[in-house]
Every structure is written in C-alpha cells, then in structure tokens.
Amino acid sequence: MTAIREIDPAGDFLVCEAGCVLEDVQNAADEVGRLFPLSLGAQGSCRIGGNISTNAGGVNVLRYGMMRDLVLGLEVVLPDGRIWNGLRSLKKDNTGYDLKQLFIGGEGTLGIVTAASLKLVARPAEKVTLWLGVASPAVAVELYTLFRTRLGELISSFELIAGLGVDAAVEHLPGVRAPIEGSHDWHLLIELAWSFDEGLLERAEAVIEEAFEREMIADGTIAQSGDQAANMWRIREGQSEATRNIGNIVRSDVSVRTSDIPDLVDAVDRFVRSEAGDVRILPFGHVGDGNLHFNFLLPFDNDSPERHKLLLNRLYDELDRRGGSISAEHGIGRMKQAAMMSRKSEVELDLMRRLKAAIDPDNIMNPGVILPAD
Ligand SMILES: Cc1cc2nc3c(=O)[nH]c(=O)nc-3n(C[C@H](O)[C@H](O)[C@H](O)COP(=O)(O)OP(=O)(O)OC[C@H]3O[C@@H](n4cnc5c(N)ncnc54)[C@H](O)[C@@H]3O)c2cc1C
C-alpha cells in the first residue's frame, strides 16, 4: 500500500497508494520538477490515507488549499466489500455527484481509502522567508492585507505566533535561535515563493520597507540561508513541543473570518483575565486562513478537567458569536462530537445521518466517530 503507481508532470498529477508517507509523495513530486504542496509538522510519518480522511490543512493552505483541493480521484473499499474505482486524474469532470468529497474528511466512517490521484503544482524556484515582530493581531491582519495587495498569490504561508510561544521555543528547543532581537508580543512568519529564479527578494524588501514606513512593524528580518529559514520554521512547528515546558496546555483548532481574528483574540484574552487570572492565551496559526490553534497555558499546579471545559466552552461561545468553526483542520473524532452536535442544524445532522446509513448501514466503519454510534 505504499507504491506510487503513476506520476505525470504534464498532467500535473500523481497516483499513489494510501499507505504512502506524505514526505515520500513530496519527494516523488520533487524528482519530476513538481511540488505536492500539502505540508505539515507530521509529514515524516503521516500517510496519504490519513491526510485524505482528516482533510489535512497545514502551512500552505492559503495558496494551495486543504487536502480536499489536492485530490483528483480516489479508490475506496466500501463497507459492503465492493471497491469503488473513482481514481480519475481529470481536472474537469462534471458527471453527477462528486462522490470523492464524501470520503475526504470522512474520518474513515464511510470506507477505506486505498489509493488517490493527487494534484501537483509548479515547483517554486525562488523562496523568501521573513520574520516580523508586531504589536498585535490587528497589525498582523493589516500586514496580511498589505502583503496580499502587493504580492497576491505569491504568499505561501502567513503564520502568527504569540511572543510567549516564541520565547518558549528559543528557551526549550535545542539549537533554536531568536530570529530577531528584543521582546515582541506577536510574531509573523511569512513565506513567499514563485517560479522565477530571482526578483522576489527585492519585491519582498519593498513591501517590508513600506510596512516600516507605515510603522506597522517593530523589527523584522529576511532569512539569508536555508539554515536561517529552517530555524524560523522550527519555532513555528515546535510550538506544541516547546510550550509544554512552561505549563499545561489546553489545545484547540478554530477558525473565523480573517478580519475577525483580532476581535476574537481580544475577547478571549478579556475573559481569561477576568475569570481565570493565572491562565495565559497562547494562540498560533494560519492568519490568512482565519485558522488559529487557540491554546491556553495553565499553571502546572492549578489544572483540572473543569478548567479545560470552561476555557473551551467560553472560546466556542466567542466563535458562535462570529460564525466561526470549532474544528478548522483537525476534524471531529469523538472528542468534539458533542460540541459539533449542539451547533449543527437538525437539517444538517439529518443529512449526515442519512449519508452514513446509506453507505454504512451496519455502522462498521469507525462507529462513534463524527456521529454518535447509536
Ligand atoms: C506534529 C503534528 C503536526 C500536525 N500539523 C497539522 C497541521 O498543521 N494541519 C493539519 O491539518 N493537521 C496537522 N496534524 C494532524 C495531521 O493532519 C494528521 O495527523 C494526519 O493528516 C493524519 O494522518 P495519519 O497517517 O497520522 O492518520 P491516522 O492518525 O492514522 O488516522 C486519522 C484518521 O483517518 C482515518 N484513516 C486513516 N487512514 C485511512 C484510510 N486509508 N482510509 C480511511 N480512513 C483512514 C483513521 O481511522 C482516523 O480516523 C499534525 C499532527 C502532528 C502529529
């Protein structure tokens, strides 16, 4: 189940089996001068079947979309034992219901994905990685708007990290260095890329200069080597690992409209300060996608399941007020089932139950995942 069955740089696709490790697929695309753009911290171990079934996101969603946007076709073993061969590699195919979408993000509840045809994109030639210190999420969103206006689709990643999380990474991750000096409440890690060999660096510098002139950034730097860029990414990817050294973490994975991020962060910070004074907020995530891993930091000696529940419930209330999502890229599983059930309309839940019953009437595929088992 780990074979790459076909790779076609002219058609910009690759057909692989579901057991392929994501990094192996990225490498196979690279060998033919293409990019498979799904990129996330677990890429050395997670597998394509899991990426499809969780509709994984990661750091390049802004430019290339989630796994759903990268799948052209699927081969699936159905609960009744039949094999559905939907392994088409077509960019255009309007022949009725798009059945593959049911299995992408289906968390293994409708069938077992055995192979997939995946979209490849042009491999960037020049890449520019920047690190900026900013005063607030509001400024981060303003900067995102500026970069979007000036550089459009050349932005691959636009990641916000709380200063507390950056400090934790510098202190606790071996070999990690602070990209800029001084203390900053918030940081941005931005990656730009295009297919030409040169010229992007100068364009990036012009935007940074404009941001400095408009007093949007306190400090910033551009990675001068692959090593410096890797150090910046280590801080971002190592947030979970680093912050567990400074307290107990309550994790979440939420989304709102990008323009609502500053207001969400302010509102959550306010209730934490008024109702749980020893808790700190520790969000990081994908500004352009409106997706924050909105984590809370609790003291080691004042932690309890009740506190976790209170913090998540209050966060979810704030999401509800803004039409946000309680699960941006990590799915529902069992842990978020109650929160999902209480938020979806009866019509939506009814459609979901009917789909499940139609494809898996005996409820043998991951029972109790997404929808309750009975
Ligand atoms: C360090 C780290 C960083 C991460 N960063 C991100 C991130 O930035 N963005 C993001 O979206 N996610 C992220 N994740 C989560 C990651 O997306 C998922 O763990 C991964 O996509 C799942 O792949 P897996 O092989 O680990 O699947 P598993 O964990 O084995 O399975 C995940 C689900 O898919 C089902 N499944 C697995 N294979 C199949 C199959 N062949 N057919 C049907 N169902 C199947 C399983 O039953 C299960 O419900 C991260 C995880 C880690 C550990």
Side-chain angles (χ1 to χ4, degrees), residues 1-3 16-26 36-62 64-71 74-79 83-84 86-87 100 102-116 118 156-161 169 173 189 191 233-244 249 251-255 283-295 325 327-337 356 359-360 364-371:
M1 293 280 287
T2 58
C16 71
E17 296 181 348
C20 283
V21 170
L22 171 56
E23 204 164 73
D24 293 338
V25 169
Q26 294 168 341
F36 180 62
L38 185 74
S39 174
L40 43 93
Q43 63 198 27
S45 58
C46 63
R47 294 174 191 274
I48 292 298
N51 299 150
I52 290 170
S53 303
T54 58
N55 184 26
V59 294
N60 287 334
V61 170
L62 187 57
Y64 302 108
M66 295 182 70
M67 192 59 171
R68 189 179 297 289
D69 302 293
L70 302 171
V71 175
L74 289 182
E75 177 187 88
V76 182
V77 177
L78 299 171
I83 295 172
W84 172 53
L87 211 48
K100 66 178 179 296
L102 296 177
F103 301 96
I104 304 171
E107 300 185 32
T109 60
L110 299 177
I112 296 176
V113 176
T114 49
L118 303 175
S156 300
S157 307
F158 206 98
E159 302 286 307
L160 179 72
I161 316 169
L173 299 182
L189 168 58
E191 194 153 278
W233 277 109
R234 178 84 183 100
I235 296 172
R236 165 61 184 84
E237 300 287 14
Q239 280 301 291
S240 299
E241 187 185 338
T243 53
R244 70 169 76 108
I249 308 290
R251 296 178 199 285
S252 77
D253 162 43
V254 305
S255 68
F284 63 95
H286 322 287
V287 175
D289 311 334
N291 174 197
L292 289 181
H293 298 294
F294 208 125
N295 296 350
S325 169
S327 184
E329 58 177 14
H330 290 168
I332 295 299
R334 291 183 174 83
M335 285 172 61
K336 291 187 188 162
Q337 188 177 82
K356 171 73 174 167
I359 297 173
D360 181 21
I364 58 171
M365 302 299 305
N366 270 353
V369 167
I370 303 182
L371 291 168

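Remember, it's 1-based here, ligands and their atoms both numbered in the order they're listed.
- For ligand 1, the protein residues within 4.0 angstrom (heavy atoms only) are Ala18, Leu40, Gly41, Ala42, Cys46, Arg47, Gly49, Gly50, Asn51, Ser53, Thr54, Ala56, Gly57, Gly58, Glu107, Gly108, Gly111, Ile112, Val113, Glu329, His330, Asn366.
- With sequence neighbours excluded, the residues that form a side-chain contact (heavy atoms from CB on, under 4.5 Å) with Val287 are Val141, Tyr144, Phe158, Leu160, Leu188, Thr258, Ile261.
- When all heavy atoms are compared, the tightest approach of Ala328 to Asn291 is CB-ND2, 3.2 Å.
- Looking only at side-chain heavy atoms (C-beta outward), Leu102 and Ile359 come within less than 4.5 Å of each other.
- Annotation for Val25 and Cys16: closest pair CG2-SG, 4.1 Å, computed over non-hydrogen atoms.
- Between the side chains of His293 and Gln239, no donor N or O sits under 3.5 Å from an acceptor N or O.
- Using a 4.5 Å heavy-atom threshold, the side chains of Ile48 and Met67 count as touching.
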